[in-house]
Amino acid sequence: MRAPMLFIAASLAVVAAAHAGSGAPVPLRVVGDGIPEPLAGLAGDPARGRAIVVDRQRGLCLLCHTGPFPEQRFQGTLAPSLAGAGTRWTVAQLRLRVADSRAIDPATIMPSYHRADGLARVAKPFEGRPILDAQQVEDVIAFLATLQDKEGPKR
Amino acid sequence: MTRRGVLAAALAAALATAAAAQGDGRLSGFAFMGPDTQAMQKDDTANPGMLWVAEGEALWSQPAGQSGRSCASCHGEAAQALPGVAARYPAIDDATGEAVTLDGRINLCRQRNQQAPPLALEGRDMLSLSAFVGHRSRGMPIDPPDDPRLAPVRERGEALYRLRQGQLNFSCANCHDDNAGGRLGAAPIPQAHPTGYPIYRLEWQAVGSLQRRLRNCLTGVRAEPFAYGAPELTALEAYLASRARGMELETPAVRP
C-alpha cells in the first residue's frame with residue numbers, strides 16, 4: 001500500500017508532461033451561483049469524467065470525497081459524499097463548484113479546478129495552469145450529473 | 001468511518017500506548033499508525049532506523065578533517081554524548097545570531113571544529129549522525145530554547161504554516177490543524193508534530209529528515225518545495241518544535 005502523497009509526488013513528471021499541451025484557463029462566465037454555459041462550448045463525456053474523478057493524479061477527488069465507487073479503496077473523509085450530487089445541484093451549479101469553488105466560499109479546502117490565479121508558490125510545472133482543462137471539467141460535470149439520488153432534489 | 005470516528009480511534013490507540021498521549025489533545029504521529037508499524041518502532045531489533053543510529057555511533061568516534069579530531073574528541077564518548085541536545089533544536093548559533101537546525105549545527109561543528117567539509121544534507125552520513133544524536137534524546141521532552149532571538153524565526157515559520165500554497169492551494173494548517181485525524185485517500189493525517197526525526201519511513205525504505213517530510217508535503221500540494229537547508233525550512237522546524245513543546249522525542253521513529 002502506498003500513500004497518496006507519494007502517488008502525487010511520483011506522478012509530478014507525468015502530470016507535468018500531460019499538462020504541457022494545455023494552456024491557461026478559459027474565462028468562467030458566472031451567473032448567480034452557477035456557470036450555465038459549458039466551458040469553451042465543449043460537450044462532456046460521463047465515462048471519461050468518471051475516470052478523471054477516480055484518478056488520484058488527475059481528478060484527486062477521492063483524496064477528500066467518498067462516492068459511489070465500490071471498486072475504489074481508500075476514499076477520503078474530508079468532504080461530503082459525491083453520491084446524489086446530480087440531484088442536489090443543477091449542472092450550472094456543479095460547474096461552478098468544480099471550476100471555482102473559491103468563488104462560493106473563499107475558505108473552502110476544495111481546490112478551484114479551473115483557475116490559476118490567486119495562488120502562492122505553485123511548483124514550476126504547474127504554474128499558470130488549471131488542475132483540469134476545460135474539456136476535463138466538462139467531462140467531470142457530465143459524470144456528476146449522472147449521480148442521481150432516488151429521494152429526489154433536496155434543494 | 002466518520003472523521004470523528006477516525007479521531008476517536010486514533011485517540012484510543014494513543015491512550016493504549018501511553019507515551020504518545022499528552023492529555024491536552026496533542027498526539028504524536030505514532031498515534032495515527034497501525035499496530036504493526038507501532039510495534040516496529042517500539043522494538044529496537046525490528047526498527048530499521050537503529051541501523052542508522054549504529055552507523056552514526058561509529059562515525060561519532062571517527063576523526064575527520066585537518067584537525068584530526070572526532071566528535072568524541074570534544075563531546076566525549078558515544079555512551080555519554082549530548083543527552084537532551086536534539087530536543088532543543090532549532091537553536092540560535094551565537095557566532096552568527098542565526099537559527100540553525102541540528103543538521104546545520106553538525107555541519108558548523110565539522111567546519112569550525114574539525115576543519116572538515118560539510119556533510120551533504122540528506123546524505124547517509126548526516127542522517128546517521130543526526131539519528132545517533134537524536135536517539136541520545138529519546139524519551140525526553142521536546143524543549144525549545146526560551147531564546148528571544150528565536151521568536152521572529154518561529155513567527156516566520158507560523159506564517160508559512162498558515163500560507164495557502166501550491167496549485168492545490170493548501171496550507172499546512174488546512175490539513176494538520178483543520179483535518180488531523182481525517183483521511184486523505186489512504187493516508188491518515190497526523191497533527192504534524194516533529195517527534196521522531198529523522199524517521200525510518202516505510203514508503204521511502206530509508207531514514208529521512210524532517211525537511212524531507214516537509215518537502216514531500218509541499219510537493220503533494222504542487223507547491224515549489226524549499227531547498228534542503230533553506231531558512232524557510234529552519235523557520236518551519238522552529239515553529240513545529242514550539243507547538244510540540246513537552247512532547248516526547250521518539251527518534252528514530254517509524255512512519256508509514
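From a predicted model like this one, the values you see are computed outputs, not experimental measurements. To find a chain, count down the sequence lines: A is the first, B the second, and so on, and within it residues start at 1. For the numbers below, each heavy atom of this structure counts, side chains included, while hydrogens, waters and symmetry mates do not.
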message: What part of B:Leu202 gets within 4.5 angstrom of chain A, counting heavy atoms only: side chain, backbone, both, or neither?
response: neither
message: Using side chain to side chain contact (heavy atoms under 4.5 Å, CB included), reason through A:Arg95 and A:Trp89 one step at a time and then give a plain yes or no.
response: CA-CA 10 Å; A:Arg95 192 175 281 116; A:Trp89 307 99; over 6 Å; no
- request: Could you check which of A:Leu62, A:Thr66, A:Ile109 has the highest count of heavy-atom pairs closer than 4.5 Å to chain B?
  value: A:Ile109
message: For B:Gln165 and B:Ser171, which I'm curious about, is there any donor-acceptor pair between the side chains at under 3.5 Å?
response: no
message: Less than 4.5 Å to any heavy atom of chain B: does that hold for the side chain of A:Ala107, its backbone, both, or neither?
response: backbone
statement: Bottom line for A:Arg102: the part with an atom under 4.5 Å from chain B's heavy atoms is side chain
query: More than 12 non-hydrogen atoms from neighbouring residues, nucleotides or ligands closer than 6.0 Å to CZ on A:Arg29, yes or no?
result: no
query: So is B:Arg255 actually on top of B:Tyr200's ring, under 6.0 Å and inside 45° of the axis?
result: no
